[in-house]
Amino acid sequence: MGASLNARARRWHLRKEEPRPEVLCVFCPPNEHPECAGDYMLVPNRESNGMPVWRQVGGNCHLYSTRGESWMVSLSGADVEDCASKGQLCLVQHRGYMPHRAHGLWRVNEGKWFPNAEIVVTTQVPNSLRITAPHGPSQCVGEYQVENRRFNGMPVWTQTGGRCFLYSTKQGHWMIGMADKDSEKDIGTICRRDHRNLMPHKVGGTWSRLVDQFTWKADVDIKVRELGSREALGREAPPVLQLNVSNSHFAGVLTAFAGDYALDPYRRVNGMPLWRQMGGECHLFGSSHGHWIFCQKEAHIDLNVGVLSLRDHKGFFPHEAAGHWDTLRAPGQWDPDPDIVITSTPENKAPTLLHVSGPSAYAGDYVMEPGRLSNGMPVWRQESGACHLYGTKHGHWMLAPLSAVVSLDFGALILRDHCGMPPHATEGVWERCCDNDTWELDPSVTVSLPVTKK
């Protein structure tokens, strides 16, 4: 015999404070009443047997409570008025719990009612999630996008530009796996137990991280949240970062990487933002191992290789991550370089006007071209001619006869290894190109600040 009316009333009263989700999602297998699948919106000011009612978005299916204390999905709104115990999908004895939190298996009507574990009712599925884990593992953090597939009846999110994914285990836990094969074994590195069909950003309690092969540790700092449309486009990350290597012991090696880097707002690598050197080919990206890396070419991103690395970023942006940068000195040999500086508010130390002394064709005053950079460094144009002063992709200052040859790393005068310093502050002696394509020192060439006229 079913529960008495008074018993049901008491249970519903006790759960009166339980939140009523505005949107519910019904997942059905393709061959089990797919017409019932989709999003359901809460119907304002409407109840059935003291419980809320949801209507299918773009359809006429309704999700409601019967007199027999069951959740029912029916094709007709008329069934709600009749409180009918008929429909296509059913979950018996909800005991006052909302459809996404009630215990038991949903059943499908095939003349008789048969349980089907693939039928799932949950809260609205977010398109984008961000996972932060300040204590690691760094390779799992970043942004995740929902996929058009399900594991164990629940949605799956894949790390944007990476290999990690967030899925539901057979036991009903949220798990972050490192590879698709992890889902077959219900394993991973970050876990939230017993999600009760709540989405990862809605489930309460504490997430845990795997600290060794068999030990899980609760970590209250692991957070999963939904991203808004602006954040999903990368607008939370700083639009420009500046790499300063001028004080580094290895400045001569790193000079080609110095300068300003612009955010690519539509691209992610291993869940993290990507910045490209303005006017250059170097990139700053998050590796699949959870490190920040500066690489010389875009092709190096997929290989996880570069010459500057900040290990274990834990989801923090390059200018915020703790630790020091390391420089690659030889294959497999990384040396600490604590003088590497990354800032999100680039300092414009470059003067707008410079004066060049030397061969008459290149001599004169040069004015900075607003908004133009070459390999992360500013570009100046000769006021009385067509010559240009710019930074090459190898980290040198170059004087070129025309604007068109700047992108070719071509020129007639060169000052090597600028280390990110402006031309007038760079140490060394300029060289000129000889007829046989060799370079010869030319102390007559200088770059200085123009003399202020009184």
Side-chain angles (χ1 to χ4, degrees), residues 1-29 32-110 112-126 153-155 168 172 194-205:
M1 180 179 295
S4 68
L5 179 62
N6 288 339
R8 290 201 302 270
R10 285 196 299 271
R11 284 199 291 270
W12 291 339
H13 177 75
L14 290 173
R15 296 182 177 32
K16 194 71 174 178
E17 300 301 320
E18 182 162 293
R20 300 181 174 194
E22 292 288 332
V23 181
L24 289 173
C25 297
V26 177
F27 294 99
C28 301
E32 299 288 359
H33 294 292
E35 69 276 11
C36 296
D39 293 343
Y40 285 67
M41 293 292 296
L42 181 67
V43 180
N45 303 319
R46 189 176 185 185
E47 291 187 343
S48 174
N49 295 294
M51 302 298 282
V53 176
W54 292 263
R55 177 171 178 167
Q56 189 182 41
V57 177
N60 198 40
C61 293
H62 284 70
L63 172 55
Y64 64 96
S65 176
T66 69
R67 292 191 187 94
E69 204 177 17
S70 298
W71 286 117
M72 186 73 65
V73 176
S74 174
L75 296 177
S76 172
D79 294 336
V80 180
E81 300 297 337
D82 297 338
C83 297
S85 295
K86 62 181 181 179
Q88 280 59 49
L89 308 176
C90 175
L91 179 68
V92 300
Q93 295 184 345
H94 58 60
R95 302 181 185 278
Y97 284 103
M98 294 295 108
H100 63 294
R101 288 176 50 82
H103 296 272
L105 292 177
W106 283 81
R107 303 182 183 189
V108 60
N109 189 352
E110 297 177 355
K112 294 183 178 180
W113 291 100
F114 295 95
N116 191 323
E118 294 188 69
I119 297 173
V120 175
V121 177
T122 184
T123 50
Q124 186 176 20
V125 178
M154 298 297 284
S168 175
D194 193 20
H195 57 60
R196 298 285 298 278
N197 291 349
L198 289 172
M199 291 293 98
H201 65 300
K202 295 288 189 181
V203 64

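Heavy-atom minimum distance, Leu75 versus Cys61: CD2-SG, 3.4 Å. For the pair Trp113 and Cys90, the tightest heavy-atom approach, listed with the atom from each and the gap, is CZ3-CB, 3.4 Å. Closest approach of Ser48 to Tyr64, counting heavy atoms only: OG-CD1, 3.7 Å. Smallest separation of non-hydrogen atoms from Val23 and Met41: CG2-SD, 3.3 Å. Residues Gly50 and Arg20 approach most closely at O-NH2, 3.8 Å, considering heavy atoms. Pro126 approaches His201 most closely through the heavy-atom pair CG-CE1, 3.4 Å.
Arg55 places a side-chain heavy atom less than 4.5 Å from the side chain of Asn60. Taking 4.5 Å as the limit, every side-chain heavy atom of Pro99 sits out of range of all side-chain heavy atoms of Tyr40. Residues Thr122 and Leu24 fail the side-chain proximity criterion, which asks for heavy atoms closer than 4.5 Å. Taking 4.5 Å as the limit, some side-chain heavy atom of Met98 sits within range of a side-chain heavy atom of Pro52.
Annotation: the span from Trp54 atom CH2 to Arg46 atom CZ amounts to 12.5 Å, rounded to 0.5 Å. One finds the CG atom of Asp39 at 13.0 Å from the CD atom of Glu22 (value rounded to the nearest 0.5 Å). With rounding to the nearest 0.5 angstrom, the CD atom of Glu110 is 8.0 Å from the CG atom of Asn116. In this structure, SG on Cys28 lies 10.0 Å from CD on Gln88, to the nearest 0.5 angstrom. Rounding to the nearest 0.5 Å gives a distance of 11.5 Å between CD of Glu69 and OH of Tyr97.
In this structure, Asn49 contributes its side chain and Ser65 its backbone to a donor-acceptor pair below 3.5 Å. The backbone N or O of Met72 sits nowhere less than 3.5 Å from a side-chain atom of Ser70 that would complete a donor-acceptor pair. Under the 3.5 Å distance criterion, the side-chain polar atoms of His100 are left unmatched by any main-chain donor or acceptor of Met199. Between the His103 side chain and the Arg101 main chain, no donor and acceptor come within less than 3.5 Å of each other. Gln56 places a side-chain N or O within 3.5 Å of a backbone atom of Glu35 that can act as its donor or acceptor partner.
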